[in-house]
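Here is the structure we will look at, set down as structure tokens.
One is the number of the first residue; the rest follow in order along the sequence. For the numbers below, each heavy atom of this structure counts, side chains included, while hydrogens, waters and symmetry mates do not.
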Amino acid sequence: WCIYPTYDFAHGQSDAIEGVTHSICTLEFEAHRPLYDWFIEHLPVPSRPRQYEFARLNLTYTVLSKRVLLRLVTEGHVRGWDDPRMPTISGLRRRGFPAEGIRDFAAMIGVAKSDSVIEMGMLEYAVRAVLNRTVQRRFGVLDPLKVVIENYPEGRVEEMEVVNNPEDLSAGTRKVPFSRELWIEREDFMEEPPPKFFRLAPGREVRLRSAYFVTCREVVKDAAGSLIELHCTYDPATRGGESPDGRRPKATLHWLAANHAVPAEVRLYDYLFCRPDPGGDGRDLFEDLNPASETVLTGCRVEPSLAAVPVGQTVQFERLGYFTPDPDSTPDHLVFNRTLTLKDTWAKVQARDR
């Protein structure tokens, strides 16, 4: 941010305004200081304002040049100036970045006169810290796998009380329907689990968040050998997610009642460029575009309360990340943008073992 002095020629008054221009946070003004000083000396200004310049903000995996951003828009590499991958105010808003997180990031990095590049992870850290503290939790399933609880009464529907934000108990609780047929995340099941995979597997018991303990009894596949659904049993004594005998499953899964879940489209966003220094070493910058910067998922399911979340309000899909309704969203076709992911312990184990 820079303070730009201005002069009101009509009224002979000077003032200072806060502005954002092409030369924001750059040293471009240094070469023009003599001309600026000449004008100040020869104009009837009541004071001699001084302009201070700082190095521009550079972030990894993105670009801030308006010339390049314009090409991204006009050549159709992004949806527009407000595309969630764009480093614009409108893009960050559509992505679900809170203003508080951006301000905290600015306070973290400070200002300097020497050129430097800031890790995108620092911005993400500041945004996550705000979101974790302030947003409410909800259930969403991006890749649904059906679970049938064989010993649960057919036609029965219970309402489970779920905490809205464990970081802020004043946010209260909500009711989430539970039934015999559920959706869970497909990646939460493995038929032949490797070590350190503690989620659902044949013969294994897991906790369903704020609901019951369930155990996988049967794996159902189609003629081609593809997984269709899981048949499980539940322990009625574990309602709410706790066992009277003190046993504690190693994994807790989120879930949705199949007949109450709402369909949704989910757009997953990654870095706009696949290299931290787009166009570095003389490369064509556009060759570094990340082809996986946007992934659109259809067939997702979310809990009923998410149909009422307004555009601009970010929520956490438990265990999946932070998401916000896109302006394209309608009551008949919900669309959510992923703001940021959560830290994933299993993903770290997989990456380390590769």
Side-chain angles (χ1 to χ4, degrees), residues 137-163 174-264 266 297-304 317-320 342 344-350 353:
R137 276 55 167 170
R138 293 293 184 265
F139 289 162
V141 175
L142 305 188
D143 188 7
L145 172 62
K146 180 167 283 190
V147 170
V148 178
I149 305 179
E150 294 177 324
N151 62 332
Y152 193 88
E154 293 191 30
R156 180 181 179 184
V157 177
E158 295 181 80
E159 286 191 328
M160 299 300 177
E161 190 166 347
V162 185
V163 173
R174 68 188 187 283
K175 302 291 186 180
V176 179
F178 183 93
S179 63
R180 187 172 188 266
E181 295 188 357
L182 307 172
W183 296 116
I184 66 168
E185 204 68 52
R186 188 172 293 271
E187 68 174 18
D188 282 341
F189 172 81
M190 294 188 74
E191 191 169 4
E192 298 179 0
K196 299 182 181 180
F197 181 87
F198 301 118
R199 304 173 195 177
L200 197 57
R204 181 179 294 174
E205 182 178 67
V206 299
R207 177 191 290 108
L208 298 181
R209 172 80 72 196
S210 304
Y212 294 103
F213 293 3
V214 298
T215 302
C216 180
R217 301 298 184 187
E218 182 183 358
V219 177
V220 181
K221 300 181 179 180
D222 61 17
S226 299
L227 179 61
I228 298 176
E229 63 185 31
L230 305 176
H231 287 191
C232 300
T233 56
Y234 85 114
D235 182 353
T238 59
R239 192 180 195 280
E242 298 295 335
S243 171
D245 62 12
R247 70 184 190 275
R248 301 174 64 86
K250 291 185 177 181
T252 298
L253 309 185
H254 62 283
W255 50 272
L256 290 169
N259 291 335
H260 295 79
V262 180
V266 175
L297 304 179
T298 58
C300 305
R301 299 289 188 275
V302 298
E303 69 174 75
F317 287 7
E318 289 209 22
R319 302 178 58 241
L320 297 178
L342 299 177
D344 189 330
T345 302
W346 170 242
K348 289 183 179 180
V349 171
Q350 288 180 305
D353 293 343

Going through the checks in order, is the side chain to side chain donor-acceptor pair (under 3.5 Å) test met by Thr233 and Arg217?
CA-CA 7 Å; Thr233 56; Arg217 301 298 184 187; 3.1 Å; yes
Inset, instruction - Could you walk me through whether Glu229 and Lys221 pass salt bridge (charged side-chain N to carboxylate O under 4.0 Å, His left out), step by step? - result: CA-CA 7 Å; Glu229 63 185 31; Lys221 300 181 179 180; over 6 Å; no
Practice item. Given side chain to side chain contact (heavy atoms under 4.5 Å, CB included), test Val206 with Val214 step by step and report yes or no. Key: CA-CA 6 Å; Val206 299; Val214 298; 3.9 Å; yes
request  = Decide side chain to side chain contact (heavy atoms under 4.5 Å, CB included) for Arg156 and Phe178; before the verdict, give the C-alpha distance in whole Å, the side-chain angles of both, and the deciding distance to 0.1 Å.
outcome  = CA-CA 8 Å; Arg156 180 181 179 184; Phe178 183 93; over 6 Å; no
So Glu158 and Arg239, salt bridge (charged side-chain N to carboxylate O under 4.0 Å, His left out) or not? Walk me through it. CA-CA 10 Å; Glu158 295 181 80; Arg239 192 180 195 280; 2.7 Å; yes
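To the nearest 0.5 Å, atom CZ of residue Arg209 and atom CD of residue Glu318 are 4.5 Å apart. Atom CG of Asp143 sits about 8.0 Å away from atom CG of Leu297, to the nearest 0.5 Å.
Remark: the backbone N or O of Tyr152 is paired with a side-chain donor or acceptor of Arg180 at under 3.5 angstrom. Without hydrogens or angle criteria, Ser210 side chain to Gly240 main chain gives no donor-acceptor distance under 3.5 Å. Side-chain atoms of Arg186 come within 3.5 Å of backbone N or O of Pro144 as a donor-acceptor pair. Listed for the Arg199 side chain is no donor-acceptor partner under 3.5 Å among the backbone atoms of Phe197.
Heavy atoms only, all atoms of each residue included: Ile149 and Tyr234 are closest at CG2-CD2, 3.6 Å. Taking all atoms of both residues into account, the shortest heavy-atom contact from Arg247 to Phe213 is O-CE2, 3.6 Å. Nearest heavy-atom pair, Phe317 versus Gly140, reported as atom, atom and distance to 0.1 Å: CD2-CA, 4.2 Å. Contact record, Ile228 with Leu145: O-CD1, 3.7 Å, taken as the closest heavy-atom pair. Nearest heavy-atom pair, Pro304 versus His260, reported as atom, atom and distance to 0.1 Å: CG-O, 3.2 Å. Between Val219 and Pro202, the closest heavy-atom pair is CG2-CG, 4.1 Å.
Enclosure of atom CZ in Arg248 is not indicated, since only 12 or fewer non-hydrogen atoms of other residues, nucleotides or ligands lie within 6.0 angstrom.
Taking 4.5 Å as the limit, some side-chain heavy atom of Phe189 sits within range of a side-chain heavy atom of Leu230. Between Leu253 and Arg319 the shortest side-chain heavy-atom distance falls below 4.5 Å. A 4.5 Å side-chain heavy-atom check between Val141 and His254 finds at least one atom pair inside the cut-off. The shortest distance between side-chain heavy atoms of Pro249 and Arg207 falls below 4.5 Å. Contact annotation: the side chain of Leu182 approaches that of Leu208 to within less than 4.5 Å [non-hydrogen atoms, C-beta and beyond]. With a 4.5 Å cut-off on side-chain heavy atoms, Leu320 and Leu142 count as touching. Contact annotation: the side chain of Val176 never approaches that of Glu161 to less than 4.5 Å [non-hydrogen atoms, C-beta and beyond]. With contacts defined as side-chain heavy-atom distances shorter than 4.5 Å, the pair Thr215/Cys232 does not qualify.
Donor-acceptor pairing under 3.5 Å is recorded for the side chains of His231 and Glu150.
Relative to the six-membered ring of Phe139, Arg174 meets both conditions, a distance below 6.0 Å and an angle of at most 45° to the axis.
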